[in-house]
Amino acid sequence: MSLIKVETRDDVGIITLDNAKRRNALSEPLVQEVIGALANLQALKVRVVILRAAIGSPVWSTGHDIDELPEGRRDPLGWDDPLRHLIREIESYPGPVIAMVDGGVWGGACETVFACDMIIATPEATFAVTPAKLGVPYNVSGMLTFMNAASLFIVKEMAFTAKPLSAERAERLGIVNHLVPRDEIEDFTHAMAADIAANSPLSISVMKEQLRILAGAHPMTPQGFERVQGLRRVVYDSEDYHEGIRAFKEKRKPRFEGR
Ligand code: YXS
């Protein structure tokens with residue numbers, strides 16, 4: 001049974017996350033379906049993609065599937081992790097991917113939405129960066145996604161508190177492009193997508209790739225990268241990492257000891 005729905009309308013593709021039972025967790029199977037849908041839409045030369053979930057759902061996506069996180073001794077967000085693959089496919093799609101958001105966006109799903117080219121959200125939408133809540137060492141390119149979406153002060157507040165940011169505040173901060181009521185957001189988003197699809201796809205795809213390269217152009221020395229990776233290993237080999245995942249599975253608050 002498919003975990004997403006895919007449709008095209010004129011030159012616009014619509015990918016709807018459709019696994020409410022698991023709160024649209026970005027599991028390997030769901031991510032592979034989204035990546036497959038993006039490849040098919042690209043083959044059809046679809047110029048704009050809307051990435052969405054059901055309107056009115058309290059959860060847009062709960063983020064990485066926690067059951068798929070390794071128990072330790074292995075980077076939980078390495079290059080081949082499904083979430084990392086999804087982010088790269090969104091960033092490399094040769095046309096705008098617009099996140100249409102209603103409901104809560106959690107953890108890796110927050111990065112996924114922030115990696116899109118624009119965010120249109122309902123006032124009920126919220127955005128939470130959750131590694132600190134689970135004891136997870138987020139990865140370098142993921143942190144850069146957040147840094148490109150918000151000021152360092154806001155990224156630190158979201159990352160350190162792990163508390164959801166309201167769509168209204170996100171719009172005020174320039175993270176959300178438009179705040180649109182639930183009963184208008186579909187028409188609004190499709191109208192914007194259609195406007196974009198009527199423009200030059202070559203010009204837009206080149207500008208998108210230029211901006212991706214420029215946004216990713218942050219110098220990090222090999223020594224700096226190795227230091228970060230060493231620090232992250234301390235976290236994913238820690239007791240706190242195990243505790244965070246265990247507490248979620250046991251539906252209780254985690255007790256972090258800092259070791
Ligand atoms: O008890 P059952 O078997 O029905 O399963 C429950 C949840 O365990 C399951 N579920 C998940 N399973 C795996 N990974 C998840 N991320 C996940 N989220 C939920 O789905 C069933 C229904 O969940 P339930 O009962 O909690 O639903 P709810 O409507 O009461 O609450 C929805 C949420 C999203 C508010 C709640 O599920 C929640 O707080 N989920 C965790 C959100 C979160 O911390 N996500 C971060 C995932 S880790 C990640 O993305 C990165 C690695 S990081 O953390 O570094 O950013």
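Numbers here simply count residues along the sequence, with the first being 1. Because the structure is a prediction, the values reported are computed rather than measured. Order of appearance sets the numbers: ligands from 1, and atoms from 1 within every ligand.
- Looking only at heavy atoms of the protein, atom 32 (C) of ligand 1 is closest to V59 CG2, 3.8 Å.
- Each of the following atoms of ligand 1 lies closer than 4.0 Å to a heavy atom of G107: 50 (O), 56 (O).
- Note that atom 36 (C) of ligand 1 has no protein non-hydrogen atoms nearby, at separations under 4.0 angstrom.
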Practice task
Mind running salt bridge (charged side-chain N to carboxylate O under 4.0 Å, His left out) on K249 and E71 for me, showing each step along the way?
Solution key: CA-CA 12 Å; K249 290 178 179 175; E71 288 290 312; 3.7 Å; yes
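- Proximity of atom 45 (N) of ligand 1 to the protein is indicated by at least one non-hydrogen atom lying closer than 4.0 angstrom.
- Which of K133, K251, R23 comes nearest to atom 39 (O) of ligand 1 through a heavy atom is settled by distance: it is K133.
- Remark: R233 CZ to S238 OG distance equals 12.0 Å, nearest 0.5 Å.
- Here is the list of ligand 1 atoms found below 4.0 Å of a heavy atom in R22: 12 (N), 13 (C).
- When only non-hydrogen protein atoms are considered, atom 14 (N) of ligand 1 lies nearest to I66 N, 2.8 Å.
- Using modelled atom types, one finds a donor on one side chain and an acceptor on the other under 3.5 Å when comparing T122 with D102.
- Ligand 1 does not have K249 within reach: every non-hydrogen atom of the residue lies 4.0 Å or more from it.
- The residues E239 and R255 are annotated as not salt-bridged, no charged nitrogen and carboxylate oxygen being separated by less than 4.0 angstrom.
- In this structure, atom 52 (C) of ligand 1 lies nearest to the protein heavy atom H64 CB, 3.8 Å.
- When only modelled atom types and interatomic distance are considered, D10 and H190 share no side-chain donor-acceptor pair under 3.5 Å.
- Considering backbone and side-chain atoms alike, G108 places an N or O below 3.5 Å from some N or O of ligand 1.
- Using bins of under 30°, 30° to 60° and over 60° for the plane-to-plane angle, the ring pair F114/F146 lands in the perpendicular bin.
- Under 4.0 Å is where a charged nitrogen must lie from a carboxylate oxygen, and between D237 and R232 no such pair does.
- E157 has a carboxylate O that lies under 4.0 Å from a charged side-chain N of R169, or vice versa, which qualifies the two as a salt bridge.
- Summary of contacts: the protein heavy atom closest to atom 53 (S) of ligand 1 is T130 OG1, 3.6 Å.
- Salt bridge absent: E33 and K5 never bring a charged side-chain N and a carboxylate O closer than 4.0 Å.
- Between the side chain of D240 and the backbone N or O of G258 there is at least one donor-acceptor pair closer than 3.5 Å.
- For R88 (side chain) and W79 (main-chain N/O), a donor-acceptor pair under 3.5 Å exists by modelled atom type.
- Under the 4.0 Å distance rule, the nearest protein heavy atom to atom 4 (O) of ligand 1 falls outside the cut-off.
- For ligand 1, the atoms lying closer than 4.0 Å to a non-hydrogen atom of T62 are 15 (C), 16 (N), 17 (C), 18 (N), 19 (C), 34 (C), 40 (N), 41 (C), 42 (C), 43 (C), 45 (N), 46 (C), 47 (C).
- Atom 30 (O) of ligand 1 is not flagged as protein-proximal [any protein heavy atom, distance under 4.0 Å].
- Interface of V136 with ligand 1, defined as ligand atoms under 4.0 Å from a residue heavy atom, comprises 55 (O).
- Within ligand 1, counting atoms from 1 as listed, the ones closer than 4.0 Å to a heavy atom of L134 are 46 (C), 47 (C), 48 (S), 54 (O).
- For atom 21 (C) of ligand 1, the nearest non-hydrogen atom of the protein is K21 O, 3.8 Å.
- Protein heavy atom nearest atom 11 (C) of ligand 1, with residue, atom name and distance: F248 CZ, 3.8 Å.
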